[in-house]
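Here is how names work: the chains are called A, B, and so on, in the same order as the sequence lines, proteins then strands, and each is numbered from 1.
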Number of protein chains: 2
Amino acid sequence: MKEGPEIARIAALVADPARSAMLLALMDGRALTATELAGVGGITRQTASSHLAKLVEGEVLVVEAQGRHRYFRLAGSHVGALLEALMVFSSDAVPPLRTGPRDLSLRKARICYDHLAGEMGVMLYDRMLEEGWLGRDLDVTDKGWTKLADLGLQQGDLPASNRPLCRACLDWSQRRHHLAGRLGKAVLDRVLALSWARRLPASRVIVFHPEGERRFGEWLR
Amino acid sequence: MKEGPEIARIAALVADPARSAMLLALMDGRALTATELAGVGGITRQTASSHLAKLVEGEVLVVEAQGRHRYFRLAGSHVGALLEALMVFSSDAVPPLRTGPRDLSLRKARICYDHLAGEMGVMLYDRMLEEGWLGRDLDVTDKGWTKLADLGLQQGDLPASNRPLCRACLDWSQRRHHLAGRLGKAVLDRVLALSWARRLPASRVIVFHPEGERRFGEWLR
DNA sequence: GGGATGGTTCGATTAGCGTCGAACCATGAA
DNA sequence: TTCATGGTTCGACGCTAATCGAACCATCCC
């Protein structure tokens with residue numbers, strides 16, 4: 001058994017092409033089955049099973065058995081943060097590598113684990129700080145709760161957990177921060193519930209409808 | 001040649017025990033020679049040379065030749081951010097694993113790439129936002145420049161570069177943000193120059209002298 | 001029960017990579 | 001010039017880990 005820094009162990013879990021492909025597929029916060037993940041990794045079920053066992057063992061993924069299916073999802077938002085930190089990196093080497101339409105959509109708005117990222121996510125974060133809806137410790141102020149109520153979010157509605165209410169997450173495309181944490185998730189959920197935007201099926205892209213984008217911007221006024 | 005997500009390539013560079021040990025040793029922003037890095041990695045010079053070549057090739061490190069020495073340092077603060085993101089992870093598995101005196105010092109104040117991290121770093125970041133020295137986009141306000149002048153920092157003194165003036169960096173121990181970027185470096189430099197604190201030789205620990213800590217807190221008033 | 005599907009375990013193969021010894025090049029000092 | 005030191009290149013060795021075929025277990029449906 002070779003000893004070394006703990007970070008090497010974690011990095012090694014992400015270092016395999018098949019595993020990293022699976023992790024990226026889970027970046028939208030969904031839970032996928034082993035067979036589906038084998039598909040995105042381009043490997044057989046046996047191999048995927050081995051990989052997934054390693055990832056669960058390393059506490060990068062968590063698994064939930066449901067009937068004969070086993071659903072895998074990221075172990076928490078810190079995994080998402082790690083993956084975005086790695087993306088900052090790779091897209092750094094060749095700045096304007098490929099900017100196809102799919103790429104532009106991703107930069108505009110996408111889901112990062114379970115919250116809003118991209119231009120729209122960064123705008124949300126900026127305005128909440130700028131307008132004083134969030135305080136120094138990223139705590140929600142009275143003014144903030146008032147505005148959130150306009151969106152249909154009551155303080156009591158947010159599920160209690162040991163996950164922080166608000167966190168800042170470094171944005172891959174914008175190189176700035178966007179809103180994460182339980183509130184980040186709640187806001188995205190509301191935006192989707194209000195049909196201001198929708199998720200593209202097999203991707204992380206969030207598409208804002210023109211009317212929805214207008215209302216979102218107006219709310220942030 | 002096996003193809004896969006770009007992040008796997010980067011993660012693989014960190015995944016090796018010897019390489020990650022070298023990277024951690026460079027986390028304080030210093031530039032070390034190949035032989036020194038071979039030492040911290042516990043490997044021979046030949047092996048280290050191979051590793052370092054890979055890290056430079058992957059743009060994780062940069063190298064500067066000086067005489068017959070070659071000095072290696074982290075390619076930028078995004079590398080530091082990645083490493084801290086990995087540490088958040090590993091120290092997460094068993095929360096109160098070991099809290100020796102060295103660990104306590106690290107949590108109190110340490111150097112992260114080239115800026116202040118730990119409790120003191122987080123406090124700095126919080127107060128600058130709270131007091132309005134920093135604006136929404138992490139731009140320095142007039143009020144901020146006034147306070148920075150009290151510390152002996154003039155706007156013109158800060159070296160121009162394409163590195164952002166202010167950035168938020170996720171803190172490994174505090175799970176909150178601290179001040180990074182050129183200003184983060186400049187503030188730490190001043191704190192050291194004023195002898196409010198000093199660096200422990202072979203570690204990332206920053207030790208505040210009692211009087212220095214008092215003055216630092218007073219400045220942040 | 002019988003068949004189909006999701007998932008795991010085992011074993012064998014293979015490929016990649018970390019490692020070091022040895023030789024070699026470059027720089028600086030005596 | 002000669003020697004010492006920092007660093008790299010080359011080649012060979014050995015280990016680890018990814019991969020898949022085949023067999024096996026569990027669950028669901030008919």
Side-chain angles (χ1 to χ4, degrees), chain A residues 1-26 30-73, chain B residues 1-26 30-73:
Chain A
M1 179 79 96
K2 194 179 303 181
E3 277 307 316
E6 192 69 9
I7 66 168
R9 239 177 41 79
I10 305 295
L13 289 174
V14 189
D16 181 81
R19 282 198 293 262
S20 59
M22 297 190 209
L23 290 174
L24 287 181
L26 293 170
R30 281 179 309 172
L32 299 181
T33 68
T35 303
E36 288 170 324
L37 288 169
V40 307
I43 50 179
T44 62
R45 285 198 299 269
Q46 312 92 289
T47 308
S49 177
S50 154
H51 284 311
L52 292 169
K54 286 185 172 70
L55 290 171
V56 170
E57 160 72 23
E59 307 196 39
V60 175
L61 295 184
V62 290
V63 61
E64 194 174 346
Q66 216 168 90
R68 59 177 164 179
H69 295 275
R70 299 189 71 199
Y71 286 94
F72 295 86
R73 56 177 217 279
Chain B
M1 178 80 94
K2 195 180 302 181
E3 276 307 317
E6 192 69 8
I7 66 167
R9 239 177 41 79
I10 305 296
L13 290 174
V14 189
D16 180 80
R19 282 198 293 261
S20 58
M22 298 190 208
L23 291 174
L24 288 180
L26 293 170
R30 281 178 310 172
L32 299 181
T33 68
T35 304
E36 288 171 323
L37 288 170
V40 307
I43 51 180
T44 61
R45 286 199 299 269
Q46 313 91 289
T47 308
S49 178
S50 154
H51 284 311
L52 292 170
K54 285 184 172 69
L55 290 171
V56 171
E57 160 73 23
E59 307 195 40
V60 175
L61 296 184
V62 290
V63 61
E64 193 174 347
Q66 217 169 90
R68 58 176 164 180
H69 295 275
R70 299 188 71 198
Y71 287 94
F72 295 86
R73 57 176 216 279

Can you sort out the partners of B:Thr33 under side chain to side chain donor-acceptor pair (under 3.5 Å), two or more places apart, ordered by chain and number?
B:Glu36

With heavy-atom distances below 4.5 Å as the criterion, would you say the side chains of B:Leu52 and B:Val63 are in contact?
no

Any chance you could lay out the side-chain contact (heavy atoms from CB on, under 4.5 Å) test for B:Leu24 and B:Val40, step after step, and finish with the verdict?
CA-CA 9 Å; B:Leu24 288 180; B:Val40 307; over 6 Å; no

I want to confirm an ordering. Mapping A:Thr44 and B:Ser50 to their closest nucleotides on DNA chain D, which one lands closer to the 5' end?
B:Ser50

More 5' along DNA chain C: B:Ile43 or A:Thr47, using each one's nearest nucleotide?
A:Thr47

Nearest whole Å is fine: how far is D:dG6 P from B:Arg45 CZ?
7 Å

Could you tell me the separation between the CG atom of B:Asp16 and the P atom of C:dC17, rounded to a whole number of Å?
11 Å

Examine D:dA18: is either OP1 or OP2 under 4.0 Å from a nitrogen or oxygen in the side chain of A:Lys54? Give yes or no.
yes

Here the distance between atom P of C:dG6 and atom CD of A:Glu64, to the nearest Å, is 19 Å

Nearest-Å distance for atom pair CG/P, residues B:Leu55 and D:dT8:
12 Å

Taking the minimum atom-to-atom distance to the side chain of B:Thr33, which one of C:dG7, D:dT19, D:dG7 wins?
D:dG7

Taking CZ from B:Arg19 and C1' from C:dT19, how many angstroms apart are they, rounded to a whole number?
12 Å

Can you tell me if B:Arg19 uses its side chain to pair, donor with acceptor, with the backbone of A:Ala8 under 3.5 Å?
no

Should A:Leu61 and A:Leu23 be marked as a side-chain contact (heavy atoms from CB on, under 4.5 Å) after you check the CA-CA gap, both sets of side-chain angles, and the distance that decides it?
CA-CA 9 Å; A:Leu61 295 184; A:Leu23 290 174; 3.8 Å; yes

OP1 or OP2 of D:dT5 sitting under 4.0 Å from any side-chain N/O of B:Thr35?
no

Distance, rounded to the nearest Å, where B:Leu32 contributes CG and D:dG6 contributes P:
14 Å

Within residues 61-73 of chain A or reaching into it, pairs that qualify as salt bridge (Lys or Arg N to Asp or Glu O under 4.0 Å) - sequence neighbours excluded
A:Glu64-A:Arg73

Collect all protein-nucleotide pairs involving nucleotides 23-30 of chain D in which both atoms are nitrogen or oxygen and the distance is under 3.5 Å.
from: D:dT27; atom 1: O2; to: A:Arg68; atom 2: NH1; distance (Å): 3.3

If I take atom NE2 in residue A:His51 and atom C1' in nucleotide C:dT9, what distance separates them, rounded to the nearest angstrom?
15 Å

Is the shortest side-chain N to carboxylate O distance from A:Glu57 to A:Lys54 below 4.0 Å?
no

Does A:His69 place a side-chain N or O at less than 4.0 Å from the phosphate oxygens OP1/OP2 of C:dT5?
no

Interatomic distance, A:Met22 CE vs D:dA18 P [rounded to whole Å]
10 Å

